[in-house]
Amino acid sequence: MAQTLRDFLKQVEKLPPDTLLCVAEVDEAFAAHIEEIEIVEDAKAQNRKAEGTEAIELGNGNQRVVVIRW
């Protein structure tokens, strides 16, 4: 299931603000540094399941999403 920003913030609320943030695929032993964080205002959800396929179209919609690029 897709995670909301509220869910994410709840998970990290007790961490120190200088905690490193990175991106990794499921079951990976290494993670990548984040290149950019982008807020897309006109996204369109295709699928809310986390199954390794493209789930969000970054345009042609009316949903706001946060995109973490690596």
Side-chain angles (χ1 to χ4, degrees):
M1 180 65 90
Q3 186 176 53
T4 65
L5 185 57
R6 175 180 286 124
D7 297 336
F8 174 77
L9 292 174
K10 188 174 181 180
Q11 289 179 355
V12 301
E13 68 185 352
K14 295 180 182 174
L15 293 175
D18 60 345
T19 300
L20 186 62
L21 182 62
C22 57
V23 179
E25 294 181 35
V26 175
D27 296 330
E28 283 293 316
F30 293 90
H33 289 294
I34 293 171
E35 179 71 24
E36 175 184 8
I37 295 177
E38 177 184 3
I39 299 170
V40 176
E41 298 288 342
D42 61 345
K44 182 178 179 183
Q46 303 290 327
N47 183 355
R48 292 190 61 88
K49 289 185 178 179
E51 58 185 24
T53 62
E54 294 178 350
I56 306 289
E57 182 178 352
L58 301 178
N60 300 318
N62 60 3
Q63 294 175 288
R64 180 181 298 139
V65 299
V66 176
V67 180
I68 298 174
R69 299 194 186 270
W70 58 282

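In this text, all values refer to a predicted model and were calculated from it rather than measured experimentally.
Within a 6.0 Å sphere centred on CD1 of Ile37, other residues, nucleotides and ligands contribute more than 12 heavy atoms. Around atom CD of Gln3, more than 12 heavy atoms belonging to other residues, nucleotides or ligands sit under 6.0 Å away. Summarising the local packing, CD of Glu28 is surrounded by more than 12 heavy atoms from other residues, nucleotides or ligands at distances under 6.0 Å. The number of heavy-atom neighbours closer than 6.0 Å to CG of Asp27, taken from other residues, nucleotides and ligands shown, is 12 or below.
We find the CG-CZ distance between Asp42 and Arg64 to be 11.0 Å, quoted to the nearest 0.5 Å. Atom CG in Leu15 sits 11.5 Å away from atom CG in Leu20 (nearest 0.5 Å). The structure places CD1 of Ile56 at 8.0 Å from CD of Gln46, a figure rounded to the nearest 0.5 Å. One finds the CG atom of Asn62 at 9.5 Å from the NZ atom of Lys44 (value rounded to the nearest 0.5 Å).
Heavy atoms only, all atoms of each residue included: Phe30 and Ala24 are closest at O-CB, 3.5 Å.
With a 4.5 Å cut-off on side-chain heavy atoms, Arg69 and Val23 do not count as touching. Between Val67 and Leu58 the shortest side-chain heavy-atom distance falls below 4.5 Å.
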